Participant: 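Pasting in a structure now, in C-alpha cells, and then I'll have a few things to ask.
Quick caveat: nothing in here was measured; it's all calculated off a predicted structure.
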Amino acid sequence: MVVITESSEVVADDKFNLRIWESICADQDIAHLPHKIETNELGQVVMMPPPGRYHGNFQAEFAAEFRLHVSTGKVLGEFALSTSKGVKGPDAGWCSEERWEEQGDAPIFLTAPEICVEVMSDSNTEAEIAQKKGLYFEKGADEVWIVSTSGTVSFFPRSDPSTPLTDSAICPPFPKQL
C-alpha cells in the first residue's frame with residue numbers, strides 16, 4: 001500500500017514492501033543478477049555492484065567473531081529489512097531468538113534485528129550510511145555497527161545514534177578492529 005501524505009511524500013509500509021519484495025524474488029531475470037538488490041520508497045529496484053573482496057571478508061569476520069562471543073541467537077549475513085524508505089539490505093547482523101520468532105514466516109525482516117551491520121565500501125557516502133543507520137534504528141535496531149574500509153568497527157546505540165560507544169553494549173568483547 002502506498003500512502004500519499006498531505007506533503008505528497010510517498011510512504012511505503014511493510015505490506016507494500018512485502019508485496020514488492022515477493023515480486024522481485026519471483027522475477028527470474030532479477031534473481032540471476034549478481035548485484036545486491038534493495039528498493040526505494042517507491043518500490044523501485046536499486047542495484048549495487050556485488051561486494052568487493054574486503055567487504056565480503058569483513059562480513060565473514062563479523063560472523064566468526066560474533067559467534068565466538070555469543071552462543072545464542074542468529075548471526076546473519078546480508079538480509080532484507082522493510083523500512084520507511086523501501087527494503088534495505090544490511091550487510092550482517094545479529095538477532096535474538098525471541099525477535100527471530102516474532103518475525104513469523106515473513107520473507108523479510110519487519111522489525112530490525114538487535115544489531116545491524118554496514119560494511120563500508122568506497123562507493124558509500126556518509127549521507128547514505130547515516131540514512132541507513134537512522135532507518136535501522138527506526139525499525140527497532142538496538143545498535144548499528146559500521147565497519148570502515150580498513151576494518152575498524154564503530155558501535156552506535158539507538159539512545160544516541162550520532163555518538164559511537166567505546167564497546168558494544170550487546171557484545172562488549174567484540175573487537176574494534178577486524
Side-chain angles (χ1 to χ4, degrees), residues 12-22 24-25 31 36-39 41 46 48 50-51 55-121 124 128-148 151-178:
D13 67 8
D14 289 337
K15 288 180 183 176
F16 175 77
N17 286 338
L18 277 166
R19 190 173 74 244
I20 294 297
W21 196 252
E22 287 171 345
I24 289 170
C25 291
K36 179 176 177 178
I37 305 278
E38 293 183 345
T39 67
E41 63 271 20
V46 177
M48 289 143 282
H55 192 279
N57 181 63
F58 290 144
Q59 288 172 293
E61 288 291 326
F62 160 81
E65 224 17 90
F66 202 87
R67 191 48 74 203
L68 283 175
H69 304 294
V70 178
S71 61
T72 63
K74 305 286 186 190
V75 177
L76 308 165
E78 287 183 33
F79 59 92
L81 172 63
S82 176
T83 76
S84 62
K85 297 285 185 186
V87 177
K88 303 304 174 196
D91 294 311
W94 176 79
C95 187
S96 67
E97 294 292 342
E98 296 79 21
R99 193 164 294 185
W100 181 266
E101 292 302 320
E102 289 170 6
Q103 302 299 313
D105 61 355
I108 62 177
F109 278 87
L110 303 177
T111 302
E114 286 86 345
I115 297 174
C116 292
V117 179
E118 278 295 327
V119 177
M120 297 289 291
S121 297
N124 291 126
E128 173 190 7
I129 295 303
Q131 180 186 57
K132 285 186 172 188
K133 185 170 47 164
L135 291 170
Y136 303 160
F137 284 132
E138 181 182 279
K139 289 302 287 194
D142 294 322
E143 291 182 7
V144 174
W145 298 4
I146 308 297
V147 181
S148 74
T152 302
V153 183
S154 299
F155 312 99
F156 294 90
R158 182 174 23 186
S159 60
D160 187 2
S162 60
T163 306
L165 299 167
T166 305
D167 296 298
S168 165
I170 296 172
C171 185
F174 197 90
K176 295 168 192 63
Q177 183 71 40
L178 294 176

Participant: Distance check, rounded to the nearest 0.5 Å: Glu128 atom CD versus Lys88 atom NZ?
Facilitator: 8.5 Å
Participant: Run the salt bridge (Lys or Arg N to Asp or Glu O under 4.0 Å) check on Arg158 and Glu143 step by step: do they pass?
Facilitator: CA-CA 6 Å; Arg158 182 174 23 186; Glu143 291 182 7; over 6 Å; no
Participant: Do you know the tightest heavy-atom contact between Gly89 and Lys36?
Facilitator: O-NZ, 2.6 Å
Participant: Where do Phe58 and Ser148 come nearest, in terms of heavy atoms and distance?
Facilitator: CE1-O, 3.8 Å
Participant: Please step through side chain to side chain contact (heavy atoms under 4.5 Å, CB included) for the pair Val147 and Thr152, ending with a clear verdict.
Facilitator: CA-CA 5 Å; Val147 181; Thr152 302; over 6 Å; no
Participant: Quick one: SG on Cys116 to CD1 on Ile146, what's the gap to the nearest 0.5 Å?
Facilitator: 9.5 Å
Participant: In terms of side-chain geometry, is the basic nitrogen of Lys85 or Glu38 positioned less than 4.0 Å from the acidic oxygen of its partner?
Facilitator: no
Participant: Compare every heavy atom of Cys171 with every heavy atom of His69, then report the nearest pair and how far apart it is.
Facilitator: CB-SG, 3.6 Å
Participant: What do you reckon, are the aromatic ring centroids of Phe62 and Trp94 less than 6.0 Å apart?
Facilitator: no
Participant: Compute both the distance and the angle, then confirm whether Lys139 meets the cation-pi test with Phe109: under 6.0 Å from the six-membered ring centre, within 45 degrees of the axis.
Facilitator: no
Participant: State, yes or no, whether a side-chain contact exists between Val46 and Ile37 at a heavy-atom distance under 4.5 Å.
Facilitator: no
Participant: Taking atom types as modelled, find out whether Thr83 and Glu138 have a side-chain donor-acceptor pair closer than 3.5 angstrom.
Facilitator: no
Participant: If I take atom NE2 from residue His55 and atom CE from residue Met120, how far apart are they, to the nearest 0.5 angstrom?
Facilitator: 9.0 Å
Participant: Measure the spacing between CG of Asp14 and CD1 of Ile108 and express it to the nearest 0.5 Å.
Facilitator: 7.0 Å
Participant: Would you name the heavy atoms of Phe155 and Pro175 that are closest together and state the gap between them?
Facilitator: CZ-O, 3.9 Å
Participant: With sequence neighbours excluded, what pairs up with Glu22 under the side chain to side chain contact (heavy atoms under 4.5 Å, CB included) test?
Facilitator: Pro107
Participant: Is there a side chain to side chain contact (heavy atoms under 4.5 Å, CB included) between Ser82 and Leu18? Walk through the geometry before answering.
Facilitator: CA-CA 8 Å; Ser82 176; Leu18 277 166; over 6 Å; no
Participant: Which heavy atom in Ala141 sits nearest to a heavy atom in Ala112, and how many Å separate them?
Facilitator: N-CB, 3.6 Å
Participant: Measure the CG-OG distance between Asp142 and Ser96 for me, rounded to the nearest 0.5 Å.
Facilitator: 8.5 Å
Participant: With the side chain counted from C-beta on, respond yes when Val117 and Pro90 share a heavy-atom pair under 4.5 Å apart, and no when they do not.
Facilitator: no
Participant: Nearest heavy-atom pair of Gln103 and Thr111: which atoms, and what distance?
Facilitator: NE2-O, 3.2 Å
Participant: Quick one: pull up CD in Glu118 and CH2 in Trp145 and give me the separation to the nearest 0.5 Å.
Facilitator: 14.0 Å
